[in-house]
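Here is the structure we will look at, set down as structure tokens.
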Amino acid sequence: MDINERFSRNSVYAHNVIEEDNAVTEMVQQTGAKVIEANKGDPAAFFHTPKYMIDAYIRALRERKTFYSSPLGVPELRKAISSRYRRMYGLSAGPDEIIVTQGVSEALRFINAIFINQGDRAMLFKPCYPPYIPDLMMYGGRPVYAEYEEEHGWRADLDRVRRELQKQKRTPKYMLIANPNNPTGTVLGRKELSEMVGIANEFGMPLISDEIYDEIVYNGAKFTSLASVAEGVPYAILNGASKDYDATGFRIGYAVIPGQDRFSAEIRRRIGEMASTRLSPNTPAQYAVEQAIGNVKAHRNAVGLMVKKIAARVNACVDAISRSRHMSASRPEGAFYVLAKVDIGRLRVKDEKEFVSRLITEEHVRVARGSGFQAPPGYIRIVALAEKRVLEEAVRRIDSFCDRNLNNKR
Ligand code: PLP
């Protein structure tokens, strides 16, 4: 029997580039070597999740909040999220316009499940967060890309986006943006965000804004939520506890889908149905996040301190790269990634995949290949969460790898 017949084709799409060198890394670690891991965007692996959140989680457990919650999330958390959006972005979205999910990851899956049929398209801006693509493809969808270009500060030429959309036989089912963006660290300004809303309206495309890094903004940038500029088309904002609240492992995210129009109500109803098949998000974690969102002062202190450290580390990494013999990078304004261009064409290396994999075995540094983010050729993504000296050491080792592998023939 052909073993492949027993499994779904979907599994071939469900792959995340960040995990692809796990086996190589484990092999290196088994020799006793310490690998600098700059591949996974997990703040909780570098900063302690704030104590008041841990206490709230423990309290929820002691109070036996260990039951299935409503599939849409506990009312207390949905109320806290509603208040957050009113307080921060002036949005009036009631608890019934909010659905709690197991991370933004699950919210994305629900969105693809309800929007995408075989052959449908969705508009993504590349470089982008890798799981957007397999998640879409699992439901039979295909991406239509708009491009962020480094020479334009990792921003898009929106007239080109319009022309791309005019070429499409059918309008993409949604347009998805990440703001701030992973992996470029771009923070969209109010004007360009409004223009994107204009395009979505012109083509009648619902908008999805992944704002998981909305409080991790620095270097003078100002964040604008889609909530502050959206009008017309239905939209959803995705966010959660993973990054701002430094609690990736809690697995709490949510979708805010405001609007009393029929379409928005139908999105909420269908996502609610999907959510009911997985019964409930993690209940004690929901209570902990309710406390975290509600405790504005404690959160402000915690996130303020974390963002200050992140900004210093990201900037130190970019500074080290600016002194490098083989790399260059634009300075991010949000999130905690540095997308660096490596002069791979001058090296005895086939492509980014080989570059990244050999960097682990030969220099004990782990980064992610930019091609996994749909970046142009020659990019790698460095997670700039480690301490300054570790990041500087990583850059030094990447440089020495490049020195050793220079193609002498050129
Ligand atoms: N969206 C973006 C842009 C991300 O970078 C990440 C994680 O790196 C996620 C979503 C995942 O979020 P969650 O932990 O809430 O599933």
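FYI, the numbering just counts along the sequence from 1. Treat the numbers as computed from the prediction; the structure is a model and nothing was measured. Remember, it's 1-based here, ligands and their atoms both numbered in the order they're listed.
- Contacts between S242 and ligand 1, counted as non-hydrogen atom pairs separated by less than 4.0 Å, involve the side chain only.
- Annotation: Y213 places an N or O atom under 3.5 Å from an N or O atom of ligand 1; distance criterion only.
- For T248, the closest heavy-atom approach to ligand 1 does not fall below 4.0 Å.
- Less than 4.0 angstrom separates some heavy atom of R251 from each of these atoms of ligand 1: 13 (P), 14 (O), 16 (O).
- Using a 4.0 Å cutoff on heavy atoms, E106 does not count as a contact of ligand 1.
- Residue-level proximity to ligand 1 for Q102 is absent, since no heavy atom of it falls below 4.0 angstrom.
- Checked against the 6.0 Å centroid threshold, F223 and Y89 count as a close aromatic pair.
- Looking at ligand 1, you won't find any N or O of A178 less than 3.5 Å from one of its N or O atoms.
- For ligand 1, the atoms sitting less than 4.0 Å from at least one non-hydrogen atom of Y132 are 3 (C), numbered in the order shown with element in parentheses.
- Residue contact annotation: K40 has no non-hydrogen atom under 4.0 Å from ligand 1.
- Contact annotation: for F250 versus ligand 1, there are no heavy atoms closer than 4.0 Å.
- Given atom 8 (O) of ligand 1, the protein heavy atom at minimum distance is K243 NZ, 2.7 Å.
- Taking every heavy atom of both residues into account, Q286 and S280 meet most closely at NE2-OG, 4.4 Å.
- Ring geometry for Y174 against F115 counts as perpendicular: the plane angle is over 60°, on a 0 to 90° scale with 30° as the lower cut.
- Under the 4.5 Å side-chain criterion, counting only non-hydrogen atoms from C-beta, R162 is in contact with I199.
- Tested against Y379 for a side-chain hydrogen bond (donor to acceptor under 3.5 Å, both in side chains), the candidates E150, R369, Q374, E352 yield a single pass: E150.
- Nearest heavy-atom pair, D214 versus M88, reported as atom, atom and distance to 0.1 Å: OD2-CE, 4.3 Å.
- In this structure, the protein non-hydrogen atom closest to atom 15 (O) of ligand 1 is V104 N, 2.7 Å.
- Of all the atoms in ligand 1, the ones that sit under 4.0 Å from a non-hydrogen atom of S105 are 11 (C), 13 (P), 16 (O).
- Protein heavy atom closest to atom 6 (C) of ligand 1, with residue, atom name and distance, is Y129 CZ, 3.3 Å.
- The closest approach between a heavy atom of G240 and any atom of ligand 1 is not below 4.0 Å.
- At a heavy-atom distance under 4.0 Å, only side-chain atoms of Y337, from C-beta outward, approach ligand 1.
- Between Y287 and Y57, the distance from one ring center to the other does not fall under 6.0 angstrom.
- In terms of heavy atoms, V197 sits closest to E231 at CG1-O, 3.7 Å.
- Of the heavy atoms in D210, only side-chain atoms (C-beta onward) come closer than 4.0 Å to ligand 1.
- Cation-pi geometry between K243 and Y213 is not met at under 6.0 angstrom from the ring centre and within 45 degrees of the axis.
- Partner of P131 under the side chain to side chain contact (heavy atoms under 4.5 Å, CB included) criterion, out of I18, V104, N16: N16 alone.
- Residue contacts with ligand 1 do not include G253, since none of its heavy atoms lies under 4.0 Å from the ligand.
- Nearest heavy-atom pair, M53 versus F250, reported as atom, atom and distance to 0.1 Å: CE-CE2, 4.0 Å.
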